[in-house]
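This chain uses plain numbering: 1 for the first residue, then up along the sequence. Remember, it's a predicted structure, so these values are computed and weren't measured experimentally.
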Amino acid sequence: MFSQILSAIGAMIFGVAFCAAYFWFSNKLLDIIFPAKEGTEVHTAAVNLTRRGLIRPWLFLGPALFLLAVYLVYPVVATLILSFYGPDGNQFVGGANYLWALNDTEFRQSIFNNILWLAVVPAACTFFGLVIAVMTDRIWWGNIAKAVIFMPMAISFVGASVIWKFIYEYRGGTDAQIGLLNSVVQLFGGTPEVWITIPFWNNFFLMVMLIWIQTGFAMVILSAALRGIPEETIEAAVIDGANGWQIFWKIMVPQVWGTIATVWTTITILVLKVFDIVLTMTNGQWNTMVLANLMFNWMFRGGGDSGRSAVIALVIMAAVTPIMIWNIRRANAETKGR
């Protein structure tokens, strides 16, 4: 534990020192190559200053662009190429992997489950986050409530899964039910169930966990946006006779709509990458498989099949890309509007 802490501190110190050294030496080298000091001919100095201005941003962006190319562009291209090859990545099979995906029952089930997650989780997190943000701003203990609601964000997905396993726990026979949900069901005269094994509905039981984790994120972002609404607009609405419901939907929501869209798209992208919860809770059994878990299965289990896992990875990337493009275009439009 102590050695890991030392390694982390060392990595941070080395990283910051390396970046500072890189920027200092690159600027120094640029000044040497294109001098504009006293004694330099005026025209030459002006040209060198212009060149410095053109080159300096690329010195700062260079490392980031290099890492982006190495860790993003290259893997995408390599994955695309790999999708046309067999399990070991050596035999060219053309579009066979794509035909497999179209005909595979588990792949289609994963697509359906991902659509369910996309339809429920981002909307629920954004809605609950917005409602809680509005409500906690009206009570004196609102900051305490926000801290409690935000707390699950500090828990890993695997840790959250362990917590919720105790909530959904089922004991057969005459054993006492220790799961919270089954205990409540029993209290009201119901029959305990193995909740996460019920097809279709078990997906919603898993979604509740991600909603529990991400609502705090949505609440914090939307709460900050709500605080930025000018008080004059709220006061004017009150003077005009608007009630609380009208103020919320017709004054608050339109003014924070850009933030709502940002929160929604951020959680949408997270949902497309959901993996740990399904792996920990069901391992994809009982019709709960999602694309990320299916990709993992084909990549590492049973000897692996790099071609089929590459196809699934491309499907996930294809689903994420339009959302990211829409979010970027919306942000650019808002920037130009200002």
(request) To the nearest 0.5 Å, tell me how far Ser156 OG sits from Ile213 CD1. (result) 8.0 Å
(message) Do Trp264 and Met219 land in one hydrophobic cluster if side-chain heavy atoms of ILVMFWY residues count as linked below 4.5 Å?
(response) no
(request) Please tell me if the side chains of Phe128 and Ile149 come closer than 4.5 Å, counting only heavy atoms from C-beta onward. (result) no
(request) State, with a plain yes or no, whether a side-chain heavy atom of Ile196 is found less than 4.5 Å away from one of Tyr170. (result) no
(request) Would you kindly say whether Asn182 and Gln186 are connected by a side-chain donor-acceptor distance under 3.5 Å? (result) no
(request) Verify the neighbour count for atom CZ of Phe25: are there more than 12 heavy atoms of other residues, nucleotides or ligands below 6.0 Å? (result) no
(message) Does any part of the side chain of Leu272, heavy atoms only, come nearer than 4.5 Å to the side chain of Leu291, both counted from C-beta?
(response) no
(message) Quick check against the 3.5 Å criterion: does Asn283 have a side-chain atom that pairs as donor or acceptor with the backbone of Gln285?
(response) no
(request) Flag yes if more than 12 heavy atoms outside Phe60 fall under 6.0 Å of its CZ atom; otherwise flag no. (result) yes
(request) For Ser306 and Pro87, work out which heavy atoms get closest and say how close. (result) OG-O, 2.9 Å
(message) Does the plane of the ring in Phe200 sit parallel, tilted or perpendicular to the ring in Phe204? Use 30° and 60° as the thresholds.
(response) perpendicular
(message) Is there a side-chain contact between Val220 and Met153 in this structure, where contact means two heavy atoms from C-beta onward sitting under 4.5 Å apart?
(response) no
(message) I need the Asn103 CG to Arg108 CZ distance, nearest 0.5 Å.
(response) 7.0 Å
(request) Group every Ile, Leu, Val, Met, Phe, Trp and Tyr by side-chain heavy-atom contacts under 4.5 Å, then state whether Trp195 and Val121 land in the same group. (result) yes
(request) Find out whether Trp100 and Asp305 are in side-chain contact, i.e. whether some heavy atom of one side chain is under 4.5 Å from a heavy atom of the other. (result) no
(message) Taking the side chain as everything from C-beta on, heavy atoms only, tell me whether Met252 gets closer than 4.5 Å to Leu130.
(response) no
(request) Indicate yes or no for a side-chain donor-acceptor contact from Asn293 to the backbone of Val278 under 3.5 Å, with no hydrogens or angles considered. (result) no
(message) Measuring from atom CG of Asn113 to atom CG of Leu118, what distance do you get when rounded to the nearest 0.5 angstrom?
(response) 11.0 Å
(request) Evaluate whether atom CZ of Phe23 has more than 12 neighbouring non-hydrogen atoms of other residues, nucleotides or ligands under 6.0 angstrom away. (result) yes
(request) Hey, could you give me the OG1/CD1 distance between Thr266 and Ile221, rounded to the nearest 0.5 Å? (result) 8.0 Å
(message) Tell me if a side-chain donor or acceptor on Asn97 pairs with a main-chain N or O of Gly86 at a distance below 3.5 Å.
(response) no
(request) May I ask you to test the Tyr168-Met281 pair for a side-chain heavy-atom distance under 4.5 Å? (result) yes
(request) Give a yes or no on whether Phe248 atom CZ has more than 12 heavy-atom contacts from other residues, nucleotides or ligands under 6.0 Å away. (result) yes
(message) Using 0.5 Å steps for rounding, measure from the CD1 atom of Ile198 to the CG atom of Asn287.
(response) 12.5 Å
(request) Flag the pair Trp164 / Leu206 as yes when at least one side-chain heavy-atom distance between them is below 4.5 Å, and no otherwise. (result) no
(message) For Tyr22, is the OH atom crowded, meaning more than 12 foreign heavy atoms sit under 6.0 Å from it?
(response) yes
(request) Nearest 0.5 Å please: distance from the OG1 atom of Thr288 over to the CD atom of Gln109. (result) 8.5 Å
